[in-house]
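Structure, as structure tokens:
In what follows, every chain begins at residue 1, and chains take the letters A, B, ... in the order their sequences are listed. In what follows, every heavy atom counts, from backbone to side chain, and hydrogens, waters and symmetry copies are set aside.
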Protein chains: 2
Amino acid sequence: MRTLGYAVLSLLSREDLSGYDLKRMMERPLGYFWSAKHSQIYPELARLEEDGYVTHRVVEQRGKPDKKVFGITAEGREALKAWVTEPPAGRAARDELVLKAYSVWLAEPGAAAALFEEQGRRHEEQLKQYEEIEAWMEKNWGESPGRMGFEDFASYAALRRGIGFERDYAGWCRWVAAGLKERQSG
Amino acid sequence: MRTLGYAVLSLLSREDLSGYDLKRMMERPLGYFWSAKHSQIYPELARLEEDGYVTHRVVEQRGKPDKKVFGITAEGREALKAWVTEPPAGRAARDELVLKAYSVWLAEPGAAAALFEEQGRRHEEQLKQYEEIEAWMEKNWGESPGRMGFEDFASYAALRRGIGFERDYAGWCRWVAAGLKERQSG
DNA sequence: GATTGTTATGTAAATACTGACATATTACGA
DNA sequence: TCGTAATATGTCAGTATTTACATAACAATC
């Protein structure tokens, strides 16, 4: 199975969801570390159902169109569980901003510094959002990772990665911007 | 133009290279933040040449097959320069290990801890390699980012991102592993 | 009554990327 | 001399992903 399939299963292992729900989860919170458009999700759900990893039931709604709510099967849960402890496939790192940094010597230092400052701001904003979620988690689940529920710990761990990433990335942006500014005047 | 084109131009703006050279650079050092297989590179070079961003000459070699050495044109350099200060397209973050962390509550804590410890080791190894390059750069180019050559600063900046990333990532892996171990016994 | 927005589900076309196939030169070692 | 490895350049099929197209129910507002 492809990673997208496991991404879908990872959400369905926590709660039953429609394709539309999944689409929204792929924006937030899962979108922070895995993303997919609805044009990927609907065919993937069909494939997962064909393979026996999920099933669906139609739910009639008032004030909204009907929806198909998907649930994970025992088989799907087993496949997901087995996948979790397998080493991840060697990913191809791709970061456009680092590529730009690598060629920044061609640019006007002032214009480049503005870019990296703006990007720094963006990552600081994202960091702030993550930290708010972190505060909520710690308030509701406790501050000790060892004492919170296992499922909560998993969510907390994923969030922690996001916090580390954004904090470090923002710092790097600021550092690059400062180095560029030094070149602007003297 | 697509990002791959700028990745190729970013290498050719520093020195003339053959398709095969580019392929190797896409493994190391560019591969640390952008990667492509040779099956992408050769068609991309043809496209770039058609658009007037690069030109090539055939170089005969002794003991090796002939090669096509590509060089960037003034037009290519201008296009690259303009691209550098434009904000990057909103990337879709994809990290399989974080996705696994999100579903780690389904797994046996022991097996999962082993995975995260192994991944931590990998990132620590990569960090060590980066730090060796960093030491070489600082020895040869000076320790002050403001005083080294602009092109050197650009290389140094890209490396710095790699160092920050690996250090933070390795730390996170260790933290997750520790949290999982706590669950193993008590 | 018409337009806009949200929920809801899909398909199709285009682009991007990977992995396999394909070929040729030369060096080196068994 | 035969196989293996490195250098060197390409194509092609399949997979993955994005963008655009397409439809429909219902709510709220103008």
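In this structure B/W141 satisfies the ring-ring contact (aromatic ring centres under 6.0 Å, His included) test together with B/W136, sequence neighbours excluded. Here A/E117 pairs with A/K181 under the side-chain hydrogen bond (donor to acceptor under 3.5 Å, both in side chains) rule; sequence neighbours left out.
Taking Ile, Leu, Val, Met, Phe, Trp and Tyr as members and joining any whose side-chain heavy atoms lie under 4.5 Å apart, directly or through other members, the hydrophobic cluster of B/Y20 also contains B/Y42.
Remark: B/R167 engages B/E131 in a salt bridge, criterion side-chain N to carboxylate O under 4.0 Å. Ion pairing between B/R2 and B/E44 holds under the 4.0 Å rule for side-chain N and carboxylate O. Using a cutoff of 4.0 Å between basic side-chain nitrogens and carboxylate oxygens, A/E60 and A/K67 are not scored as salt-bridged.
Mapping heavy-atom proximity under 4.0 Å, the span of DNA chain D touched by chain A runs 5' to 3' from D/dA16 to D/dA27.
Each of B/L17, B/V69, B/L48, B/D21 was scored for a side chain to side chain contact (heavy atoms under 4.5 Å, CB included) with B/L12, with one residue passing: B/L17.
A tilted orientation is assigned to the rings of A/F150 and A/F153, their planes being inclined by 30° to 60°. Aromatic ring orientation, A/H123 versus A/F165: perpendicular (interplanar angle above 60°, classes split at 30° and 60°).
Of all the residues in residues 48-59 of chain B, not one reaches under 4.0 Å from DNA chain D with any non-hydrogen atom.
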Reading nucleotides 7-18 of chain C from 5' to 3' and marking B where a protein heavy atom lies under 4.0 Å of the base, S where only the sugar-phosphate is that close, and - otherwise, the string is BBBBBB---SSB

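Side chains of A/R160 and A/Y156: a donor-acceptor N/O pair is present below 3.5 angstrom, by distance only.
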